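Contents: one structure, followed by commentary.
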2 protein chains.
Amino acid sequence: MARTWTQTRPNRPGRAFRKVRTDHAAETAQDYVEAVSDIVHRNGVCRVKDLSEHMGVSHVTVSRIVARLLDEQLVETEPYRPIRLTARGEQLAAASRRRHDIVFRFLLSLGVPGHEAGPDAEGIEHHVGDATLHRMAEHVAGCEETGAAR
Amino acid sequence: MARTWTQTRPNRPGRAFRKVRTDHAAETAQDYVEAVSDIVHRNGVCRVKDLSEHMGVSHVTVSRIVARLLDEQLVETEPYRPIRLTARGEQLAAASRRRHDIVFRFLLSLGVPGHEAGPDAEGIEHHVGDATLHRMAEHVAGCEETGAAR
DNA sequence: ACTCCAATGTAGCACAAGCTACCTTCCAGT
DNA sequence: ACTGGAAGGTAGCTTGTGCTACATTGGAGT
Ligand SMILES: [Mn+2]
Ligand SMILES: [Mn+2]
Ligand SMILES: [Mn+2]
Ligand SMILES: [Mn+2]
């Protein structure tokens with residue numbers, strides 16, 4: 001019965017890379033619902049144009065992605081109308097913003113200058129597991145009770 | 001002269017998201033050259049199969065990506081032959097590994113358990129700017145001179 | 001020397017996300 | 001009420017990365 005079983009259970013590095021890929025797949029939805037939430041709070045409504053400027057992409061890219069979010073019931077809208085978040089969308093936005101803020105404030109508390117912490121946080125946030133997020137939050141809290149960054 | 005100038009210079013969030021997108025574009029090359037380097041050190045040679053197992057993807061995906069790395073002069077190989085790194089590939093691999101190690105050890109020094117630090121580092125590494133990397137390295141050094149993680 | 005099979009290559013598909021070019025809609029200001 | 005132009009939709013292309021199915025190759029073992 002030998003069983004060569006070349007690769008029955010996934011190996012360690014393979015698992016890690018798979019996780020990164022699923023994180024990437026979730027990334028767009030998180031950033032967009034967060035953006036919709038921000039823009040609605042700032043402007044009252046969120047239009048395709050607003051998202052296009054916010055994300056730095058063309059309006060075409062935005063409207064295809066909005067169609068996907070509609071599919072996933074994260075937003076609702078009709079043609080030529082503003083975009084609102086569904087309840088699910090609000091939840092995801094809240095969770096994403098919380099994560100984003102923790103990562104951003106953590107980088108600041110590490111001593112990273114704001115102009116670099118912003119862009120770095122935008123990417124890092126999607127790859128931070130629960131344990132890592134907890135540790136970051138604790139670090140931020142620790143630094144704030146002592147005294148500011150550094 | 002009014003100048004509506006809807007969007008002449010990119011806005012802040014737009015710049016951040018653009019950076020994330022360029023980071024993602026560089027990600028595959030970095031992970032693959034790092035993998036080739038690791039596998040060569042471990043096995044003597046690196047084959048498509050090794051990469052396929054390491055990355056957790058099919059051999060088809062690997063061989064198309066290897067073709068791209070060949071184009072970018074990061075690796076050299078011929079059909080049905082092992083894959084070696086070029087000088088440029090070695091350089092990129094060394095830089096990537098250094099970055100990867102710093103991020104990983106940083107997470108450990110934060111108190112993140114290894115089984116989560118590994119996968120998280122695999123994603124985070126590509127979004128860490130120079131200032132952030134420096135801060136992480138300093139944090140690791142500080143923790144090591146004191147006493148281990150925590 | 002042959003043969004078999006694991007490894008590799010190729011064809012062709014899917015899907016996400018980027019773009020330009022072009023068409024349609026709607027509303028603000030006359 | 002009209003209408004010009006900004007906003008948004010649509011068509012169709014590109015690139016990157018994933019896949020299955022099938023063809024090819026080369027070397028290990030007889
Ligand atoms: Mn975010
Ligand atoms: Mn983000
Ligand atoms: Mn890596
Ligand atoms: Mn990686």
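Keep in mind that this is a model prediction, so the values were computed, not measured.
Under the 3.5 Å distance criterion, with hydrogens and angles disregarded, no donor-acceptor pair is assigned to the side chains of B:Asp38 and B:His54. No hydrogens or angles considered: nothing links the side chains of A:His24 and A:His126 as a donor-acceptor pair under 3.5 Å.
The distance between atom CG of A:Asp31 and atom C1' of C:dG18, rounded to the nearest whole Å, is 16 Å. Summarising the geometry, the separation between NZ on A:Lys49 and C1' on D:dG5 is reported as 12 Å, rounded to the nearest angstrom. As a whole-Å value, the separation of A:Ile83 CD1 from D:dG9 C1' is 12 Å. Atom C1' of nucleotide D:dT15 and atom CG of B:Asp71 are separated by 13 Å, given to the nearest angstrom. Nucleotide D:dG18 holds its C1' atom 16 Å from the CZ atom of A:Phe17, rounded to whole Å. Counting to the nearest Å, the P atom of C:dG18 and the CG atom of A:Leu51 are 12 Å from each other. As rounded to whole Å, 12 Å separates atom C1' of D:dT15 from atom CD1 of B:Ile65.
Nearest-nucleotide positions on DNA chain D for B:Glu27 and A:Glu78 put A:Glu78 closer to the 5' end.
Between B:Arg21 and the phosphate of C:dG18, there is a side-chain N or O to OP1/OP2 separation shorter than 4.0 Å. For D:dG8, one of the phosphate oxygens OP1 or OP2 lies less than 4.0 angstrom from a side-chain nitrogen or oxygen of A:Arg47.
Between the side chain of B:Arg64 and the base of D:dG16, no donor-acceptor pair under 3.5 Å is found.
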Contacts under 3.5 Å, N or O only, protein and nucleotides 24-28 of chain D:
| unit_1 | atom_1 | unit_2 | atom_2 | d |
| --- | --- | --- | --- | --- |
| D:dT24 | O2 | B:Tyr80 | OH | 3.3 |
| D:dT25 | O4' | B:Tyr80 | OH | 3.4 |
| D:dG27 | OP1 | B:Arg81 | NH1 | 2.8 |
| D:dG27 | OP1 | B:Arg81 | NH2 | 3.1 |

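Scanning for salt bridge (Lys or Arg N to Asp or Glu O under 4.0 Å) contacts around A:Asp50 gives an empty result, with sequence neighbours left out.
Taking the six-membered ring where the residue is Trp, A:His127 and B:His127 present parallel rings, their angle staying beneath 30° rather than reaching 60°.
Residues from residues 55-63 of chain A that place a heavy atom under 4.0 Å from any atom of DNA chain C, listed by number: A:Val57, A:Ser58, A:Val60, A:Thr61.
Put simply, SG on B:Cys46 and OH on B:Tyr32 are 10.5 Å apart, with the number rounded to the nearest 0.5 Å.
Side-chain contact between A:Lys49 and A:His59 is absent, with no heavy atoms from C-beta onward closer than 4.5 Å.
Using a cutoff of 4.0 Å between basic side-chain nitrogens and carboxylate oxygens, A:Glu78 and A:Arg81 are not scored as salt-bridged. We find that B:Arg97 and B:Asp101 are not joined by a salt bridge, their nearest charged nitrogen and carboxylate oxygen being 4.0 Å or further apart. A salt bridge is defined here as a Lys NZ or Arg NE, NH1 or NH2 lying under 4.0 Å from an Asp or Glu carboxylate O, and B:Arg99 with B:Asp130 meets this definition.
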